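Worksheet: one structure, shown below.
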Amino acid sequence: CSGNSSSQKLTWYNNSAITNITEDPDKPNEVVRVAIGISAQVFYISKKSPDYRSLIEKATLSFKESKTYNIGIENKTNIIKEIKEVK
């Protein structure tokens, strides 16, 4: 089993806009809750992530301006690992 974290399994939501960002009532110091598109699924941005600042900036831009991104969600955890510009 390799310890390569860059090969983590992500599920991609392409051309998606973030429709809501809220503090998580259960773990306010750990994660921010994020809703993507019209699905009622809840995803998270970890406050402990080294990419937290850039992820939250893009998420906020998407939420406020309906900007779409390709959003990578880590399988099984529902944690947003990548938010990429739509090319």
Side-chain angles (χ1 to χ4, degrees):
C1 157
S2 79
N4 185 351
S5 65
S6 68
S7 66
Q8 63 204 7
K9 299 285 180 250
L10 299 180
T11 298
W12 287 92
Y13 289 76
N14 293 328
N15 287 317
S16 298
I18 288 170
T19 53
N20 201 4
I21 301 174
T22 55
E23 288 293 318
D24 185 89
D26 304 321
K27 301 185 210 160
N29 298 324
E30 291 180 36
V31 294
V32 176
R33 278 190 187 183
V34 177
I36 298 173
I38 56 173
S39 78
Q41 266 186 293
V42 174
F43 301 101
Y44 302 94
I45 294 176
S46 171
K47 291 185 177 181
K48 295 180 168 74
S49 164
D51 302 325
Y52 174 74
R53 190 158 301 289
S54 84
L55 290 172
I56 202 73
E57 280 173 14
K58 288 177 183 170
T60 302
L61 193 67
S62 178
F63 176 47
K64 290 186 174 158
E65 299 179 13
S66 299
K67 183 168 172 46
T68 60
Y69 287 101
N70 294 335
I71 302 169
I73 313 288
E74 186 177 45
N75 293 342
K76 298 193 179 81
T77 65
N78 279 4
I79 291 180
I80 295 173
K81 290 293 188 178
E82 294 185 51
I83 299 178
K84 294 183 173 176
E85 297 282 337
V86 175
K87 295 202 166 26

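Note that the structure is a prediction, hence the values are computed from the model and not measured. Numbers here are sequence positions counted from 1.
- Every pair tested for ring pair (Phe, Tyr, Trp, His ring centres under 6.0 Å) that includes a residue from residues 60-87 fails, sequence neighbours excluded, so the list is empty.
- To the nearest 0.5 Å, atoms CG (N70) and CG (L10) are separated by 12.0 Å.
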Between V34 and Y44, is the side chain to side chain contact (heavy atoms under 4.5 Å, CB included) condition met? List the steps. CA-CA 5 Å; V34 177; Y44 302 94; over 6 Å; no

Which donor-acceptor pairs under 3.5 Å do the side chains of residues 48-56 make with protein atoms, sequence neighbours left out?
| residue | atom | partner | partner atom | Å |
| --- | --- | --- | --- | --- |
| S49 | OG | D51 | N | 3.0 |
| S54 | OG | D51 | O | 3.4 |

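- For the atom pair CD1 (I21) and NZ (K64), the distance works out to 8.0 Å, reported to the nearest 0.5 Å.
- Here K84 pairs with E82 under the salt bridge (Lys or Arg N to Asp or Glu O under 4.0 Å) rule; sequence neighbours left out.
- Residues passing the side chain to side chain donor-acceptor pair (under 3.5 Å) test with E57: none are found, sequence neighbours excluded.
- Here the closest non-hydrogen pair linking S46 and V31 is CA-CG1, 4.0 Å.
- Side-chain atoms of F43 and I36, non-hydrogen and from C-beta on, do get closer than 4.5 Å to each other.
- Between I18 and I83 the shortest heavy-atom distance is CD1-CD1, 4.5 Å.
- Residues meeting the side chain to side chain donor-acceptor pair (under 3.5 Å) test with K27, sequence neighbours left out: none.
- Judged by distance alone, with hydrogens and angles left aside, the side-chain atoms of N15 form no donor-acceptor pair with the main-chain N or O of T68 at under 3.5 Å.
- Between D24 and K47, no side-chain nitrogen of the basic residue sits less than 4.0 Å from a carboxylate oxygen of the acidic one, so the salt-bridge criterion is not met.
- With sequence neighbours excluded, no residue forms a salt bridge (Lys or Arg N to Asp or Glu O under 4.0 Å) with E30.
- Scanning both residues, I45 and A59, for their nearest heavy atoms gives CD1-CB, 3.9 Å.
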Residue pair I80, I71: steps toward the side chain to side chain contact (heavy atoms under 4.5 Å, CB included) verdict: CA-CA 7 Å; I80 295 173; I71 302 169; 3.9 Å; yes

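- Looking at S62, its side chain never comes within 3.5 Å of a backbone N or O of T60 through a donor-acceptor pair.
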